[in-house]
2 protein chains.
Amino acid sequence: MFIQIEPTSDIPIYTQLANQIIELIARGQLKGGDALPSVRALASDLSVNMHTVNKSYHELVHKGIIRIVPKSGAIINPIVQEGITNENCHRIIEQLKPIIAEALVLGMSPEEIGQHASSILVDLKGE
Amino acid sequence: MFIQIEPTSDIPIYTQLANQIIELIARGQLKGGDALPSVRALASDLSVNMHTVNKSYHELVHKGIIRIVPKSGAIINPIVQEGITNENCHRIIEQLKPIIAEALVLGMSPEEIGQHASSILVDLKGE
DNA sequence: TAACTGTTCTATTATTAGTATAGCAGAACT
DNA sequence: AGTTCTGCTATACTAATAATAGAACAGTTA
């Protein structure tokens, strides 16, 4: 688990953690069916409170990325082959829109935006 | 100023406001050199506190999108032709990465991601 | 049985979000 | 000149969130 938390960041710790777990899954370094470390183990590993890790896990549950089996552990859901839910798709677009608008206003061209998005995809999936 | 605030949203009001102003600029409905309404006028218009609007404006200043002339008003900076700053570019990418990773994990294909990004660009710029 | 698991409860501290009121000094307009 | 409007500042308050902390419960697993 190659996770690094920056306590001084303006991004909450539980968000940093959730994002990095999502990245690891996108990269294929964590796969569907894999178990995440226990909240206590990961909290100790990251020198962070148990409740903070717990909050990250539940955010991932809320996004539909993992499932938690009480008294047992957290398990990564397989990446759905049926494609993305309409609801999730809409949520992604709503998150994307303000960032793209900001990029345009700051002088980034549409071509550059597409190019950077591709770079990120290559970085994550190797495509 | 076609701005609509949802007080019950989990997104802070000052963020909603800043994002919508950015969108208006990206759409060309607000142009460089245009003056934004005074903090009091907009606050009254939106039934929101003056300080909340003030915070939005200062966030836009921090992003380099508007400039505030004390005792006078807030003016939109012209969209820079020289292209985006390296610093701003890096910030945009860091915001983009976790969203794209989440989209992948939720089953959105790279092609779909590019397609949706294009749709947003068309919606904003008409390209 | 014993260690480990997620869950729940209570509590505290610090920060942020939002509202509210008031006053200041410069700019703009009449 | 004087009034109004402007952004700015200061203070105060409520509510919510972020993060930590310790403890206990009950089911799982070795």
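Quick caveat, the model's predicted, so the values are computed rather than measured. Every chain is numbered from 1 and lettered A, B, ... according to where its sequence line falls, protein lines coming before strand lines.
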Discussion item. If the cut-off is 4.0 Å, is B:Thr52 near the phosphate of C:dT19, judged by side-chain N/O to OP1 or OP2?
Written reply: yes
Worksheet item: Rounded to the nearest 0.5 Å, how far apart are CG of A:Leu46 and CD1 of A:Ile13?
Response: 9.5 Å
Worksheet entry | Between C:dA17 (P) and B:Leu17 (CG): distance, integer Å | 14 Å
Discussion item. Does any part of the side chain of A:Met108, heavy atoms only, come nearer than 4.5 Å to the side chain of B:Asn88, both counted from C-beta?
Written reply: no
Discussion item. Tell me whether the count of non-hydrogen atoms from other residues, nucleotides or ligands lying under 6.0 Å of CD in A:Glu94 goes above 12.
Written reply: yes
Item to complete: If a protein heavy atom is under 4.0 Å from the base, mark B; if only from the sugar-phosphate, S; if neither, -; do that for nucleotides 21-30 of chain C going 5' to 3'.
Response: BBB--SS---
Worksheet item: With respect to the side chain of B:Tyr14, which nucleotide from D:dT9, C:dT7, C:dA17 is positioned closest?
Response: C:dA17
Worksheet item: Could you state the NE2-C1' distance from A:His58 to C:dT5, rounded to the nearest angstrom?
Response: 12 Å
Practice prompt. Check for a donor-acceptor pair, side chain of B:Gln16 on one end and backbone N or O of B:Ile11 on the other, with a separation under 3.5 Å.
Written response: yes
Worksheet item: Is the shortest side-chain N/O distance from A:Ser38 to OP1 or OP2 of C:dC4 below 4.0 Å?
Response: no
Fill in: Spacing of B:Asp10 atom CG relative to C:dG18 atom C1', expressed in whole Å
16 Å
Discussion item. Among C:dA17, C:dT19, C:dT7, which nucleotide has an atom closest to any side-chain atom of B:Lys55?
Written reply: C:dA17
Fill in: Which atom of A:Tyr14 lies closest to which atom of A:Ser56, heavy atoms considered
O-OG, 2.8 Å
Worksheet item: Separation of B:Arg67 atom CZ from D:dG7 atom C1', in whole Å?
Response: 15 Å
Worksheet item: Within a strict 4.5 Å, meaning less than it, do heavy atoms of the A:Leu17 and A:Thr52 side chains meet?
Response: no
Practice prompt. Using atom CG of A:Asn54 as one end and atom C1' of D:dA19 as the other, report the distance to the nearest whole Å.
Written response: 13 Å
Worksheet entry | side-chain contact (heavy atoms from CB on, under 4.5 Å) partner of B:Ile65, the single match among B:Ile22, B:Asn77, B:Ile21 | B:Ile22
Worksheet item: Nearest-Å distance, CG (B:Leu42) to C1' (D:dC5)?
Response: 16 Å
Worksheet item: Given atom CD of A:Gln16 and atom C1' of D:dA19, what is their separation to the nearest angstrom?
Response: 13 Å
